[in-house]
Every structure is written in structure tokens, then in C-alpha cells.
There are 2 protein chains.
Amino acid sequence: MPVELSATQALTLWHTVSLDQVRIETGDLTLRQMAILLHIYLVPPPHTVRGLAATLGVTKPVITRALDTMGERGLVERVRDARDRRNVVIKRTVTGALYLEKLGDLIIDRGRRLSL
Amino acid sequence: MPVELSATQALTLWHTVSLDQVRIETGDLTLRQMAILLHIYLVPPPHTVRGLAATLGVTKPVITRALDTMGERGLVERVRDARDRRNVVIKRTVTGALYLEKLGDLIIDRGRRLSL
DNA sequence: GAAAACGAGAACGCTTCCGTAACGATTTTC
DNA sequence: GAAAATCGTTACGGAAGCGTTCTCGTTTTC
């Protein structure tokens, strides 16, 4: 079932959610970090550094650094691949799932409040 | 008319739009810059540095710098207030309106493609 | 099994953003 | 009209992100 939005609704939704994200101030994630996090949790595994770099269209160190930062906050976890020990598999965590659950609730709430 | 989203829909929408934003790579805006830009264009004027700082919950230099960056790209414009010459009024531009129009189209398109 | 290919991370120099603290210009207060 | 308050900006030191290049361990190739 598609979601039909008017131009004003689309931008207002983005506006209110962005504003909340800035204000919440738990050290907001970069746009890239957010994209990586969402990708890990919404697309079926496995996820590797190389794969994410290709998906986002950025270089590998960008992914490594983003995983460093998000790893410190417990949002993701890294595990060496047992079958090919060159690879690192990125794993989801409870903390990360909770973080995105809150974001989802926020978007839903802001969508519900849209009028016009 | 409110917009009803499921948890998966909400996050998938955020995911796809963020991914596009990262990939489009016209020098992506910071989360804060995006919030400022949307605020200027969606909330009735006038907008001042002090007001924006209070709204976003950040310090004034953050707003000044964001306006510098976005001003260079023609997304906003600064004009001294004639009545109180201490104030600077932030003005919208055609370039900025076009930029947000494209973003709106993107969100609408991604919303339309949502299934489940 | 030696050499080439591959994947992730570290090192480097650079750019950009951050908050605090100060500064000039302007307006308000008394 | 002198002093205090207000507004935006600049200056500064520090933190974090960027892409390029390289290093190191691992796997594949021949």
C-alpha cells in the first residue's frame, strides 16, 4: 500500500523530524552514518565494509570510521567472518534496534500530526 | 488529513531518501543545515539568527556558519533589518526553493514506492 | 608453494564543524 | 547623553569527517 504525500506534507514531515533529531542532542548522527545504520537494519544481512561502501558510493575508510563511531555508542558490532577471514561482518545490536525503533515512532507521530 | 505509517514504512522511507541524499553528492547538507533550511522555507518569516538558534537549541555561531555555507550556494540570503539595524533577516531565494522542491519530489516518490 | 588479488584498517594532511569567549555596531535604559 | 543591553559576527583551540595512499593478514591463482 503506497503512501501518498503532498509536497507540503513531505517537506513538513522532513522538517519536524529533522528538528527533533537536532534538538534531541544525544550527539546526532551524520547523514551518512544514518544511512549506514538504516541500511544495516533494514536490508537482509550479511553486510560488509566493501558492500556498504559500494552501496553508499563512498570510500571504504568512510565506512570504517562510521562503524568506529557507531560502535562506540553500541549501535552496531563487528565480527570477523569465519569462512573468509578477510571479511568483517557487521551485526545488529539491541541498542541499535532500540535507537531505530524510537526514530520510527518519531516519524510515525510526526506523520500523524500532519494536516492539510 | 493525517498520514498513517507503519513502523517499517516510516524507517524504509527514511532509509531510501537518506540513501539518495548521500549518493546524489552535490555536497550534502549537514543535518543541522537541513533543519535550518527547512525551517526558513516552511515557517512564516521573519527569521533571525537568534530566533533560529533558539529554535534549534544551538549557539548563534552555528547559525552564522550554516548561513555562510548555504549562502555561498545561493540557498539563502541575508539582509540587514532596516528598522532595527542590529538584526539580520534571512530571506528565501529561488535556488533554495528549487532545492527543496526537488527534495519534496524525492520524498513523495519514495513514499509512493512503499509497499506492505 | 610463490605470486597476485583482495578486504579491512591505519596513517597522513586537509577541510569543516563545534562551543566559548571576545568584539564592534546599534538600540534601549535611566 | 552615558551606561547597559542586544544582535550578529569573528577569533580561537579542539574534535571529527574526508579522500588518497599504504600496510597487513588472508585467500586465490597458476
Side-chain angles (χ1 to χ4, degrees), chain A residues 18-19 21-40 45-92, chain B residues 18-19 21-40 45-92:
Chain A
S18 298
L19 220 49
Q21 285 280 105
V22 169
R23 286 200 270 233
I24 224 143
E25 197 60 37
T26 60
D28 37 358
L29 296 180
T30 300
L31 177 64
R32 289 175 172 195
Q33 291 171 344
M34 183 61 82
I36 294 169
L37 191 63
L38 283 163
H39 198 81
I40 293 169
H47 299 290
T48 65
V49 173
R50 180 164 194 74
L52 287 172
T55 300
L56 289 248
V58 297
T59 59
K60 282 185 297 174
V62 169
I63 305 296
T64 296
R65 279 187 296 256
L67 293 178
D68 286 344
T69 303
M70 295 192 291
E72 280 171 18
R73 294 176 53 175
L75 299 174
V76 295
E77 218 175 45
R78 273 185 278 207
V79 180
R80 273 260 169 243
D81 185 355
R83 279 178 294 190
D84 186 339
R85 299 184 51 75
R86 287 174 302 183
N87 289 336
V88 162
V89 178
I90 295 115
K91 299 277 208 178
R92 301 166 185 169
Chain B
S18 298
L19 220 48
Q21 286 280 104
V22 169
R23 285 200 270 234
I24 224 143
E25 197 62 37
T26 60
D28 37 357
L29 296 179
T30 301
L31 177 64
R32 290 176 171 195
Q33 291 172 342
M34 182 63 79
I36 294 169
L37 191 65
L38 283 163
H39 198 81
I40 293 168
H47 298 290
T48 64
V49 172
R50 180 163 194 74
L52 287 171
T55 302
L56 289 246
V58 298
T59 59
K60 283 186 297 175
V62 169
I63 306 296
T64 296
R65 280 187 297 256
L67 293 178
D68 286 344
T69 304
M70 295 191 293
E72 282 171 15
R73 293 175 54 175
L75 299 174
V76 295
E77 219 175 45
R78 273 184 278 206
V79 179
R80 273 255 169 249
D81 184 356
R83 279 179 294 189
D84 186 339
R85 300 184 49 74
R86 288 174 301 184
N87 288 337
V88 162
V89 178
I90 295 116
K91 299 276 208 179
R92 302 166 184 169

Heteroatom pairs (N/O) under 3.5 angstrom, protein to nucleotides 22-27 of chain C:
from: C/dT27; atom 1: OP1; to: B/Arg85; atom 2: N; distance (Å): 3.1

Within the sub-3.5 Å range, which N or O atoms of nucleotides 10-17 of chain C have a protein N or O partner, and how far apart are they?
from: C/dC17; atom 1: OP1; to: B/Gln33; atom 2: NE2; distance (Å): 3.2

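Along DNA chain D, the nucleotide closest to A/Thr59 and the one closest to B/Val89 are compared, and the more 5′ of them pairs with B/Val89.
Nearest heavy atom pair, residue B/Gln33 against residue B/Ala66, reads CG-CB, 4.1 Å. Among all heavy-atom pairs drawn from A/Ala35 and B/Val22, the shortest one is CB-CG2, 4.0 Å. Between A/Pro45 and A/Arg92, the closest heavy-atom pair is CD-NH2, 3.7 Å. Across all their heavy atoms, A/His39 and A/Leu52 have their closest contact at CD2-CD2, 3.7 Å.
The distance between atom CD1 of B/Ile90 and atom C1' of D/dG8, rounded to the nearest whole Å, is 10 Å. Distance, B/Leu29 CG to D/dG17 C1': 16 Å, rounded to whole Å. What separates CG of B/Asn87 from P of D/dA5 is a distance of 18 Å, to the nearest Å. The CZ-P distance, from A/Arg80 to C/dG7, rounds to 13 Å in whole Å. Between the CZ atom of A/Arg78 and the P atom of C/dG7 there is a distance of 17 Å, rounded to whole Å. Put simply, CD1 on A/Ile63 is 13 Å from C1' on D/dG19, counting in whole angstrom units.
In this structure, A/Thr48 OG1 and A/Asp81 CG are separated by 9.5 Å, a value rounded to the nearest 0.5 Å. Atom-to-atom distance recorded for B/His47:NE2 and B/Lys91:NZ is 11.0 Å, nearest 0.5 angstrom.
No donor-acceptor pair closer than 3.5 Å links the side chain of B/Arg80 to the backbone N or O of B/Val89.
At a threshold of 4.0 Å, the pair B/Asp68-B/Arg78 counts as salt-bridged, since one of the basic side-chain nitrogens sits closer than that to a carboxylate oxygen.
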